[in-house]
Enquirer: 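This structure is in structure tokens; I'll ask about it shortly.
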Amino acid sequence: MKFAVSNTPIDVAAVRKAVADNSCGALAVFEGWIRDHNEGQAVVRLEYEVYRPVAEKEGARIIDEALEKFGVSHALCIHREGLLELGEVAVIVCVSSPHRGEAFEACRYIIDETKTRLPIWKKEHYVTGGSEWVNCEQCASAGHSHGDH
Amino acid sequence: MKFAVSNTPIDVAAVRKAVADNSCGALAVFEGWIRDHNEGQAVVRLEYEVYRPVAEKEGARIIDEALEKFGVSHALCIHREGLLELGEVAVIVCVSSPHRGEAFEACRYIIDETKTRLPIWKKEHYVTGGSEWVNCEQCASAGHSHGDH
Amino acid sequence: MKNTARYFALFREQTGCESETIDWAGGTAAELFQLVAEKHESLKTEAAALVAINDEMAGWETVLAEGDEVLFFPPVAGG
Amino acid sequence: MKNTARYFALFREQTGCESETIDWAGGTAAELFQLVAEKHESLKTEAAALVAINDEMAGWETVLAEGDEVLFFPPVAGG
């Protein structure tokens, strides 16, 4: 398994262990956590909607690209769906390889692509009681365009 | 605590928890593992010698530089000393921050500086029974010079 | 010809609809999106929207075939 | 004047010595290293060696003071 969507809390230790290998000297990990604020608003929880049929296929593709592009040994990404509380792990990426340079680069590549290519959406629930779908960070800040319609 | 030397196994989960913060949306981690080979030789274990008085002071300085330079929220680095077996964690760096870019950069900075500035040496013990002190990786590959004598 | 349009997240809320069958003259994914945006006035075009056809990511200029299921994804925000 | 020289890792093995007091005319850390390298023939100069004085990292051109403890670090390899 290379990419998975989970509706239960992510077992960080298990994901880390899944990429362990005595021929690897380096492990790079990224975790996305539920943060208590966004653009000045106090957040109480987040809701992730995932369209699994495409997310799983495209997620596995991202991992394959990283393995090929950076020559790392193992890479794994797990993304949550459903309602998450503050401090919970929304996504984890673990990459192991003989040396550290490529582990860092592959890890960064996987999380960047995951955030912009997979059909995953988050809705923020605010302290004030309101809620809102969050825009992709590049679009919100720089008018970044993925499509052309 | 920002930097420490440990002569017992590193508790990865505890180090991760030490940088947890609800205002942070990103965690970047690097772990250095004992690898079963180096430059074509089969390795059975590694021995780390650390000169603590300087390593601890200079290690804390590296963390302070990273906090200042990249504006991350928390950063922690633990380095082992003594005899380590294959697969053991030799060093861990954990960095948390509101966003991921600076977490990755600070994590990379800390491990890079740790490997070239701290008085830490490793001796590889080989399957063949021999052992050897390992040169700094930059020096071995590119005649990189730290001093000028 | 007939195509199924499916809406996710923000688009589902804006259209008040999960899925519908569109009977139209045919064309590209972008043209189908324009058509359904005219039907659902609250559906706002988003530069960063993505489209998938029959569960595969696709380009907006892809010409649709009879029976294709077209998935309209509002701007994604994983992680 | 008198200075203490301390050797670590590879340098300790090459000199067969952890620490010794050197009575000399004085000078820089680099000059002290040259002096001890003449004394211990097996001590090989390393371009990537580091030096610390009284438990603080220092430059090789630092002029030593009476009683300074000079730590000779062979090329480091943490991580």
Side-chain angles (χ1 to χ4, degrees), chain A residues 11-17 19-39 42-46 73 84-101 103-112 114-115 122 124 134 137-138 141, chain B residues 11-17 19-39 42-46 73 84-101 103-112 114-115 122 124 134 137-138 141:
Chain A
D11 182 344
V12 170
V15 179
R16 175 185 173 279
K17 200 168 278 178
V19 301
D21 183 334
N22 278 352
S23 73
C24 292
L27 169 74
V29 180
F30 175 79
E31 293 181 25
W33 294 343
I34 305 303
R35 204 176 53 203
D36 61 11
H37 65 281
N38 192 28
E39 291 169 24
V43 173
V44 281
R45 71 181 62 83
L46 246 82
S73 307
L84 273 77
E85 304 294 325
L86 293 187
E88 274 200 86
V89 179
V91 60
I92 184 168
V93 179
C94 280
V95 178
S96 61
S97 65
H99 301 281
R100 74 186 181 288
F104 271 109
E105 284 171 25
C107 188
R108 183 71 201 259
Y109 178 82
I110 292 166
I111 187 63
D112 285 356
T114 293
K115 282 172 177 265
K122 61 183 167 200
E124 289 175 347
V134 180
E137 53 190 18
Q138 285 97 326
S141 63
Chain B
D11 181 345
V12 170
V15 178
R16 175 184 173 281
K17 201 169 277 179
V19 301
D21 183 333
N22 278 352
S23 73
C24 292
L27 169 74
V29 180
F30 175 79
E31 292 180 26
W33 293 342
I34 305 303
R35 204 176 54 204
D36 61 11
H37 66 282
N38 192 29
E39 290 168 26
V43 172
V44 281
R45 70 181 63 83
L46 248 81
S73 307
L84 274 77
E85 303 295 326
L86 292 188
E88 276 201 85
V89 179
V91 61
I92 185 168
V93 179
C94 281
V95 177
S96 60
S97 65
H99 301 281
R100 72 186 182 288
F104 271 108
E105 285 173 25
C107 188
R108 182 73 201 257
Y109 178 82
I110 292 166
I111 188 62
D112 286 355
T114 293
K115 281 171 177 268
K122 61 182 165 200
E124 288 177 347
V134 179
E137 54 190 17
Q138 285 97 328
S141 62

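Proteins come first, then strands; the chains are lettered A, B, ... in the order of their sequence lines, and each starts at number 1.
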Enquirer: Side chain, backbone, both or neither: which part of A:C107 has a heavy atom under 4.5 Å from chain B?
Expert: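 For A:C107, heavy atoms of backbone and side chain both lie under 4.5 Å from chain B.
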Enquirer: Measure distances from A:V91 to the heavy atoms of chain B and classify the residue's part below 4.5 Å as side chain, backbone, both or neither.
Expert: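 It is neither, since no heavy atom gets under 4.5 Å.
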Enquirer: Mark yes or no for whether B:R100, through its side chain, and A:G32, through its backbone, hold a donor-acceptor pair below 3.5 Å.
Expert: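 Absent.
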Enquirer: Which answer fits A:L86, side chain, backbone, both or neither, if we ask what part of it has an atom under 4.5 Å from a heavy atom of chain B?
Expert: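 For A:L86, backbone and side chain are both near chain B.
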Enquirer: Would you please name every residue forming a side chain to side chain donor-acceptor pair (under 3.5 Å) with B:D36, sequence neighbours left out?
Expert: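 By the side chain to side chain donor-acceptor pair (under 3.5 Å) rule, B:D36 matches no residue at all.
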Enquirer: Identify, with sequence neighbours excluded, every residue that meets side chain to side chain donor-acceptor pair (under 3.5 Å) alongside A:E124.
Expert: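 Checked A:E124 against side chain to side chain donor-acceptor pair (under 3.5 Å); matches are A:N38, A:Y126.
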Enquirer: So which of A:A26, A:S23, A:S96 has the largest heavy-atom pair count under 4.5 angstrom toward chain B?
Expert: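 Most heavy-atom pairs under 4.5 Å with chain B: A:S23.
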Enquirer: Within the structure provided, determine whether B:V19 and B:V95 are in side-chain contact (heavy-atom separation under 4.5 Å).
Expert: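 Result no, sub-4.5 Å side-chain heavy-atom pair not found.
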Enquirer: Which distance, rounded to the nearest 0.5 Å, do you find between the CZ of A:F30 and the OG1 of A:T114?
Expert: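 Here the rounded value is 10.0 Å.
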Enquirer: May I ask you to name which of A:L27, A:V93, A:V12, A:D21 has the most heavy-atom pairs under 4.5 Å with chain B?
Expert: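 The residue among A:L27, A:V93, A:V12, A:D21 with the greatest pair count is A:L27.
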Enquirer: Is chain B contacted by the side chain of A:V89, its backbone, both, or neither, given a heavy-atom distance below 4.5 Å?
Expert: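 Contact with chain B: side chain only.
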